[in-house]
Amino acid sequence: MDQDYECRLLRQINIQNENASPIKAVGAVRALTPTTSPLSSPSKHGDRFIPSRAGANWSVNFHRINEIEKSHNQNRKTKDGTTDSNKADGLAYSALLKNELLGAGIEKVQDPQSEDRRLQPSTPAKRSLFSYSVSAKRALPEEDGNTVSPYSLSPVSSNSQKLLRSPRKPTRKISKIPFKVLDAPELQDDFYLNLVDWSSLNVLSVGLGTCVYLWSACTSQVTRLCDLSVEGDSVTSVGWSERVSLSSIFYPFVRQHLKKKNQPGNLVAVGTHKGYVQIWDAAAGKKLSVLEGHTARVGALAWNADQLSSGSRDRVILQRDIRAPPLQSERRLQGHRQEVCGLKWSTDHQLLASGGNDNKLLVWNHSSVLPVQQYTEHLAAVKAIAWSPHQHGLLASGGGTADRCIRFWNTLTGQPLQCTDTGSQVCNLAWSKHTNELVSTHGYSQNQILVWKYPSLTQVAKLTGHSYRVLYLAMSPDGEAIVTGAGDETLRFWNVFSKMRSTKESVSVLNLFTRIR
């Protein structure tokens with residue numbers, strides 16, 4: 001072999017061996033590694049790269065996470081007590097993380113059922129997210145003496161300690177099951193009637209066919225008040241009177257009868273299919289008087305102290321005073337073009353709201369026979385009417401199958417406020433006596449009972465159980481329970497409202513006593 005060729009071949013083999021040798025590769029890597037420690041040089045900060053997150057808007061990111069969770073939870077309208085408890089724990093844990101990582105300064109967790117479910121942290125200090133430095137500012141003593149000791153061994157900040165020590169509001173639980181169910185045979189499935197009412201003496205009156213029955217919530221005793229089959233008539237509405245003084249009653253025999261029974265609020269009015277309004281003493285089971293004037297069935301009744309208002313299919317509202325003969329005290333209110341199916345007096349006894357099958361909501365006062373306000377936004381019959389006991393002049397109304405909306409009105413200015421589509425026929429509305437909430441019953445097509453929080457209009461609970469339209473609604477005297485009736489011939493009792501009155505005063509433009517004018 002040629003020596004030159006042999007030398008070139010051996011040189012190429014040596015080069016290939018050197019490139020494939022792992023020892024030389026390791027040596028090359030070691031040659032690139034600095035021989036001195038990075039800590040020995042004060043001008044260097046090591047080979048680790050820690051990004052600066054001072055410019056990142058973490059508060060916005062946390063806000064977006066809460067908004068996503070909120071929209072996800074709104075798809076599930078009803079939540080049981082376990083879910084509410086877990087949500088409260090999650091909010092507390094989220095606030096704790098914000099305090100420790102962002103310096104948010106949150107000291108109290110908001111109610112998870114409130115209309116604003118986002119935690120509102122204070123503006124955090126502008127510093128790096130991972131800054132492991134102890135603040136030199138000491139906690140100042142507060143008015144309540146709740147201070148954090150400088151020798152505290154707690155690993156969390158003072159704000160987080162206050163957050164963990166803050167009192168937890170008990171989770172509200174609304175039972176989805178009625179606590180009592182009563183049979184109501186011959187309870188009519190008619191949207192335009194009002195056949196259930198609950199008195200201030202805790203007695204429930206129900207119109208069943210031609211009879212009116214009374215059920216005592218204290219003793220569970222059932223008595224039959226009247227039977228109109230003898231007269232060839234049937235019951236179309238019932239309504240309990242408020243407590244009135246005996247001296248204000250005109251008829252001597254009525255005053256003497258009530259004085260003997262010592263129960264001035266024991267009157268019940270019964271509207272009939274023939275257009276009569278009968279007044280009965282529930283305790284004695286005796287008919288006291290019969291009021292005439294209507295030419296068609298009386299489907300709506302509303303008491304206002306000594307005055308009784310009745311609405312009929314003849315499109316007329318009659319107002320009578322029991323202290324005077326009917327012809328002298330009668331007022332005829334004509335404004336509806338079809339049957340009057342809803343009547344409610346305001347809590348201050350100054351305004352009367354009426355709803356009709358002509359899709360109109362009218363408001364009347366004591367001095368005029370013409371409506372002072374007229375609302376025509378509903379697209380179906382207006383039967384559900386309720387005045388707010390918390391905000392002066394606030395009126396709620398609900399429309400029938402073609403409308404399905406609950407609307408709120410400011411009767412002080414005549415302006416509409418809010419509107420929500422419930423998805424089904426609105427049959428009844430009632431405000432809670434203690435909290436700023438209301439309950440609505442529905443017909444086609446979901447036959448449900450909804451509890452709303454106002455003014456956010458978020459659903460607090462959804463109750464189901466009736467197989468027909470929930471056409472009738474009444475509230476207990478203590479304002480805690482409601483009773484609902486439907487065409488399935490059952491009466492169901494629900495615990496929906498709490499007796500606890502909200503300590504936070506409601507601030508509203510409708511409240512005349514919270515502003516200086």
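For the single chain, residues carry numbers from 1 onward in sequence order. When reading the values below, keep in mind they use all heavy atoms of this one structure, side chains included, and skip hydrogens, waters and symmetry mates.
Sorted by first then second residue, the ring pair (Phe, Tyr, Trp, His ring centres under 6.0 Å) pairs that include residues 272-302, not counting sequence neighbours, number zero.
Of the options L429, V196, T441, a side chain to side chain contact (heavy atoms under 4.5 Å, CB included) to L473 is made by T441 and by none of the others.
Although no hydrogens or angles enter the test, the distance criterion places no donor-acceptor pair under 3.5 Å between the side chain of N357 and the main chain of E339. The backbone N or O of L267 sits less than 3.5 Å from a side-chain atom of S241, completing a donor-acceptor pair. Judged purely by atom type and a 3.5 angstrom limit, D488 uses its side chain to pair as donor or acceptor with the backbone of S467. The backbone N or O of H466 sits nowhere less than 3.5 Å from a side-chain atom of N447 that would complete a donor-acceptor pair.
Distance check, rounded to the nearest 0.5 Å: CG of D197 to CG of L301 gives 9.0 Å. Once rounded to the nearest 0.5 Å, the distance linking OH of Y472 with CG of L195 reads 4.0 Å.
Across all non-hydrogen atoms, the minimal contact from C405 to C419 is CB-SG, 3.8 Å. Considering every non-hydrogen atom in both G207 and V235, the closest pair reads CA-CG1, 4.0 Å. For the pair N194 and G299, the tightest heavy-atom approach, listed with the atom from each and the gap, is ND2-O, 2.6 Å.
F493 and W198 have perpendicular rings, their planes meeting at more than 60° on a 0 to 90° scale where under 30° would count as parallel.
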Side-chain donor-acceptor contacts of residues 380-389 below 3.5 Å, not counting sequence neighbours, with atom names and distances?
unit_1: K383; atom_1: NZ; unit_2: F191; atom_2: O; d: 3.0
unit_1: K383; atom_1: NZ; unit_2: L193; atom_2: O; d: 3.0
unit_1: K383; atom_1: NZ; unit_2: L471; atom_2: O; d: 2.9
unit_1: W387; atom_1: NE1; unit_2: K344; atom_2: O; d: 3.1
unit_1: S388; atom_1: OG; unit_2: H390; atom_2: N; d: 3.2
unit_1: S388; atom_1: OG; unit_2: Q391; atom_2: N; d: 3.3

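Side-chain polar atoms of H378 and N359 form no donor-acceptor pair below 3.5 angstrom. In summary, the side chains of S397 and W409 do present a donor paired with an acceptor at a separation below 3.5 Å, with no hydrogens or angles considered.
Evaluation of the ring-ring contact (aromatic ring centres under 6.0 Å, His included) rule for W303 yields no partner, not counting sequence neighbours. Contacts of H366 classified as ring-ring contact (aromatic ring centres under 6.0 Å, His included), with partners at least two apart in sequence or in another chain: W345. Considering only residues two or more places apart in sequence or on other chains, S346 meets the side chain to side chain donor-acceptor pair (under 3.5 Å) condition with D348. In this structure, W494 has no ring-ring contact (aromatic ring centres under 6.0 Å, His included) partners at least two apart in sequence or on a different chain.
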